[in-house]
Amino acid sequence: MQMRDVIIIGAGPSGLFAALHLPQHLRVLILEKSSQAAVKLLMSAKGRGNLTNTSITPRQDYQTSDSDFVEAAFECYKVQDFLDFLAKQKIEVQEEAGSRILLKSWKVLQFRDFLIDTLRERGINILYEQELLDIIPGSSSFQVKTDKENFQSKKILLASGTKSIPKIGSTDIALQLAKKFALWYTEFYPALVGFETEKELAILSGSSLNARGELYCNKKLLYQQFWPILFTHRWISGPVVFNASLYLKNLLKNPNNQISFKIQVGQEEITKRFLSYLWFKANKLSSYTFTTNITGVRGFDEAKISGGGIKTENLTPNFELKSIPGLYVIGECLDVNWKTGGYNLQRCWTSAVVCARSFW
Ligand SMILES: Cc1cc2nc3c(=O)[nH]c(=O)nc-3n(C[C@H](O)[C@H](O)[C@H](O)COP(=O)(O)OP(=O)(O)OC[C@H]3O[C@@H](n4cnc5c(N)ncnc54)[C@H](O)[C@@H]3O)c2cc1C
């Protein structure tokens, strides 16, 4: 069996970007479960690619139990470093509402293909339809078992993401390994996802309102934001709701918790349709506030990310497991998450580069 220097598990944005930053003399192989690379990246901003955000303040922004670790990683690879990388490759971007950085002339598909083509030119292959089943540490290397073959490598980068949207190949192998290796972790939960509501909202179904959304647990405010809220007949979604879902975590699992969502709609948003929801005929309302209990969250099938993951307390500053030297964990597998708007891809770029640079 051929010995590799590095095997990367997962050809998502974290795995591809790490491969790009590894020293070029290393024999690197990427194993990918699906038949395509980086499908979640392709979904970013409906194919436009919201790759980062200029207002990231790592210590305050990311949900993590170890903000020192996250801040230190961002000290080594900042948002500006990623923007410089794009500029060097002549990939044009533009800043849009909410400090979001989006691709300007390229689609995200072209960006994904640029990453793959550059890796191919460097002799780094992606083996598709290889599902990692197990990693077995040896005295000086690791055995990597997939559903098709066994591989041997001196080092492993685990970049297998989380279990949100399983139909595109996502798995929870990262947490299976965390359990096997007795690491600290938080169970995955669906995040950046819609809420199911107790109130019947059918009449607003299909509409989007700029409104203040406030999430409460037992009357305690957990999150608030002013941004669009989208309505379907039985659930609400949109950026405010998605971001609020990060705070819901597993709170709904406790039947004693009363979870509610308050929506404050300003005058300019009170349309005829909204008035018909209220059974009002007169257009004299200056604002309207209503609250609905949250009865559930939409599941992993729809969640843009999973909250939870492997805790960074397990890692050295180079993203290497303290208890298993040679095994590294990057990207969404880690318990470091934040709201929509480029924050989650930036934590992929940062963890990938900081990890890869430690191989130089
Ligand atoms: C619809 C949608 C829109 C999004 N929009 C944005 C956005 O605009 N901005 C933003 O910042 N973030 C966005 N995100 C989140 C962002 O895409 C993810 O956080 C990011 O893709 C995580 O990258 P990753 O490489 O760590 O994991 P992933 O992208 O999940 O990649 C992991 C890879 O590992 C593979 N894999 C999994 N298990 C195995 C296994 N057992 N063996 C082998 N391979 C395996 C998977 O098939 C996948 O290719 C969006 C997500 C979704 C779903």
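Ligands are counted one by one from 1 in listed order, and the atoms in each one are counted from 1 as well. Note: hydrogens, waters and symmetry copies are ignored here, and every other heavy atom, side chains too, is used.
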Is it the case that ligand 1 has an N or O less than 3.5 angstrom from some N or O of [X]?
X	value
Ile9	no
Ile330	no
Arg347	yes
Leu132	yes
Glu332	yes
Ser44	yes

Donor-acceptor pair, side chain of [X] and main chain of [Y], under 3.5 angstrom:
X	Y	result
Asn53	Ser55	yes
Asp134	Lys145	no
Gln63	Leu246	yes
Lys262	Tyr216	no
Tyr62	Tyr343	yes

If I compare all heavy atoms of [X] with all of [Y], which pair ends up nearest, and what's the gap?
X	Y	value
Leu16	Ala38	CD1-CB, 4.1 Å
Thr162	Lys40	O-NZ, 3.8 Å
Ser65	Glu313	OG-OE2, 2.8 Å

Report task. For atom 9 (N) of ligand 1, decide whether some protein heavy-atom distance is shorter than 4.0 Å. Result ->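 Yes, because at least one protein heavy atom sits under 4.0 Å from atom 9 (N) of ligand 1.
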Discussion item. Against the six-membered ring of Trp338, is Arg347 placed for a cation-pi contact (under 6.0 Å from the centre, within 45° of the normal)?
Written reply: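 Because its charged atom misses either the 6.0 Å distance or the 45° angle limit, Arg347 does not stack over Trp338.
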Using the six-membered ring of Phe188, assess whether NZ or CZ of Lys163 lies under 6.0 Å from its centre and within 45 degrees of the ring axis.
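Output no; distance or angle outside limits.
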Verify whether the ring centers belonging to [X] and [Y] lie closer than 6.0 Å.
X	Y	result
Phe69	Phe319	yes
Tyr328	Phe359	yes
Phe82	Trp349	yes

How far is [atom] from its nearest protein heavy atom, and which residue and atom name does that atom have?
atom	value
atom 12 (N) of ligand 1	Leu345 CG, 3.6 Å
atom 35 (C) of ligand 1	Glu32 OE1, 3.3 Å
atom 52 (C) of ligand 1	Lys304 O, 3.6 Å
atom 39 (C) of ligand 1	Thr171 OG1, 3.6 Å
atom 45 (C) of ligand 1	Lys33 CB, 3.6 Å
atom 34 (O) of ligand 1	Gly10 CA, 3.2 Å
atom 15 (C) of ligand 1	Ile305 CG2, 3.8 Å
atom 29 (O) of ligand 1	Pro13 CD, 3.4 Å

Where does [X] meet ligand 1, judged by heavy-atom distances below 4.0 Å: at the side chain, the backbone, both, or neither?
X	answer
Gln346	neither
Thr52	neither
Cys348	side chain
Ala159	backbone

- Message: Just checking Lys249: does its NZ atom have more than 12 heavy atoms from other residues, nucleotides or ligands closer to it than 6.0 angstrom?
- Response: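 Open: at most 12 neighbouring heavy atoms sit under 6.0 Å from NZ of Lys249.
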With heavy atoms of [X] as the reference, note each atom of ligand 1 found under 4.0 Å away.
X	answer
Gly161	27 (O), 30 (O), 32 (C)
Ile165	53 (C)
Glu131	41 (N), 42 (N)
Ala45	8 (O)
Gln130	42 (N), 43 (C)
Asn344	11 (O), 12 (N), 19 (O)
Gly331	26 (O)

Quick one: side chain to side chain donor-acceptor pair (under 3.5 Å) pairs with a partner in residues 12-31, sequence neighbours left out?
->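 As it turns out, the side chain to side chain donor-acceptor pair (under 3.5 Å) pairs with a partner in residues 12-31, which skip direct neighbours, are Asp5-Arg27.
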Inset, instruction - Would you list the pairs meeting side chain to side chain donor-acceptor pair (under 3.5 Å) in which at least one residue belongs to residues 77-87, sequence neighbours left out? - result: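 As it turns out, the side chain to side chain donor-acceptor pair (under 3.5 Å) pairs with a partner in residues 77-87, which skip direct neighbours, are Gln80-Asp84.
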Strictly under 4.0 Å, does any heavy atom of Gln36 approach an atom of ligand 1?
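Not so, Gln36 does not reach ligand 1.
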Gly12, Ser14, Ser306: member with heavy atom nearest to atom 24 (P) of ligand 1
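Shortest heavy-atom distance from atom 24 (P) of ligand 1: Ser14.
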